[in-house]
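Below you'll find the structure, written out as structure tokens, and then a few comments.
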Amino acid sequence: DGGITQSPKYLFRKEGQNVTLSCEQNLNHDAMYWYRQDPGQGLRLIYYSQIVNDFQKGDIAEGYSVSREKKESFPLTVTSAQKNPTAFYLCATGQNQPQHFGDGTRLSIL
Amino acid sequence: AQSVTQPDIHITVSEGASLELRCNYSYGATPYLFWYVQSPGQGLQLLLKYFSGDTLVQGIKGFEAEFKRSQSSFNLRKPSVHWSDAAEYYCAVGFLSGSARQLTFGSGTQLTVLP
């Protein structure tokens, strides 16, 4: 069954800790995206990747890092430099633009 | 720069009533336009999209949207709302950034359906 899998569904971060959110897809889409969602603000683009081993910063990349070693996978690391990481994180894929979304990971601070 | 405005933060309708959610965009070129729906704690599901051609677009779950270039609008409609339609709705405009297509989202409209 084709789709996007984000894990974990819930994640907690301690002060000074890096955490990694997983995004896996079996839709064979070239492009993958990470969005952050905050209440009342819609979705904002963090990073995106059009092909393997290449990625670009979005509107709010500071404090985040990504890698794209495989077409199927686009993990997002929330570093300790991100001072306000509490949010809902959504991964998306598409052949030419983001169209399909995962079910998200909710990150909270302990 | 491109932008999307959803003027209504929250709309309440009765089950069986008609629905229209407003979306206005700002973009210098021909827009690609999208409507997504999000249930609590879930990802976004694509309802419909407009790229070109017929300005009245049919989507899933009985939704439709009409692109009006003169008004820079892409309003979402449904003739008879069901209780299961209660959710958050997002309008988005697609644009080119370098060689990559991206989306700019509106801030969403929360739909409540009364029994």
Side-chain angles (χ1 to χ4, degrees), chain A residues 2-11 21 23-25 27 29-51 54-61 68 74 87-108, chain B residues 1-11 21-27 29-52 57 59-60 74 87-110:
Chain A
I4 303 169
T5 301
Q6 288 190 242
S7 62
K9 191 169 180 66
Y10 299 96
L11 187 59
L21 285 61
C23 178
E24 303 280 333
Q25 58 113 348
L27 299 169
H29 286 161
D30 290 322
M32 298 186 75
Y33 307 79
W34 274 106
Y35 289 89
R36 171 179 171 139
Q37 187 176 31
D38 296 282
Q41 294 193 42
L43 280 74
R44 293 181 290 168
L45 182 66
I46 305 172
Y47 268 98
Y48 65 98
S49 168
Q50 292 180 270
I51 57 173
D54 187 46
F55 47 84
Q56 285 80 40
K57 293 181 179 180
D59 300 322
I60 55 166
R68 186 86 185 276
F74 190 42
F88 192 50
Y89 291 87
L90 286 163
C91 177
T93 73
Q95 203 53 40
N96 296 310
Q97 64 236 323
Q99 281 197 226
H100 303 276
F101 285 79
D103 286 338
T105 293
R106 187 165 298 281
L107 175 62
S108 302
Chain B
Q2 67 290 334
S3 66
V4 178
T5 301
Q6 293 180 246
D8 304 304
I9 296 174
H10 193 184
I11 283 184
L21 302 183
R22 296 184 291 164
C23 173
N24 294 98
Y25 69 90
S26 173
Y27 185 51
T30 300
Y32 287 13
L33 296 163
F34 304 80
W35 274 101
Y36 289 88
V37 61
Q38 184 180 33
S39 297
Q42 300 295 315
L44 276 66
Q45 182 181 24
L46 180 65
L47 286 176
L48 48 78
K49 59 188 177 185
Y50 170 79
F51 287 175
S52 65
V57 181
I60 62 172
F74 189 56
E88 186 91 19
Y89 290 80
Y90 290 95
C91 180
V93 61
F95 65 98
L96 270 176
S97 177
S99 60
R101 284 211 172 272
Q102 298 181 29
L103 293 178
T104 290
F105 288 85
S107 54
T109 297
Q110 179 71 45

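Proteins come first, then strands; the chains are lettered A, B, ... in the order of their sequence lines, and each starts at number 1.
In this structure, the side chain of A:Glu24 does not engage the main chain of A:Ile4 through any donor-acceptor pair within 3.5 Å. Put simply, the side chain of B:Thr5 never gets that close to the backbone of B:Pro7: no donor and acceptor are under 3.5 Å apart. Judged by distance alone, the side chain of B:Trp35 and the main-chain N or O of B:Cys23 form no donor-acceptor pair under 3.5 Å.
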**Study point:** Audit row: A:Ser7, A:Thr105, side chain to side chain contact (heavy atoms under 4.5 Å, CB included) steps and yes/no
**Key:** CA-CA 6 Å; A:Ser7 62; A:Thr105 293; 5.9 Å; no
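Counting heavy-atom pairs closer than 4.5 Å to chain B, the top residue among A:Gly104, A:Pro98, A:Pro39 is A:Pro98. Your options are B:Tyr90, B:Phe34, B:Tyr36, B:Tyr32, and the one with the most heavy-atom pairs under 4.5 Å with chain A is B:Tyr36.
Only the side chain of B:Gln38 comes within less than 4.5 Å of a heavy atom in chain A; its backbone stays farther off. Only the side chain of A:Leu45 comes within contact range of chain B, with at least one heavy atom under 4.5 Å from a heavy atom of that chain. Looking at A:Gln37, only its side chain comes within 4.5 Å of chain B, counting heavy atoms on both sides.
Residues A:Tyr35 and B:Phe105 bring their aromatic ring centres within 6.0 Å.
The pair A:Asp54-A:Arg68 does not meet the salt-bridge criterion, since no charged nitrogen lies less than 4.0 angstrom from a carboxylate oxygen.
When only modelled atom types and interatomic distance are considered, A:Asp30 and A:Gln95 share a side-chain donor-acceptor pair under 3.5 Å. In this model, no donor atom of one side chain and acceptor atom of the other lie less than 3.5 Å apart for A:Thr93 and A:Gln25.
At a heavy-atom cut-off of under 4.5 Å, chain A is reached by B:Gly41, B:Gln42, B:Gly43, B:Leu44, B:Leu46 from residues 40-48 of chain B, listed in order of number.
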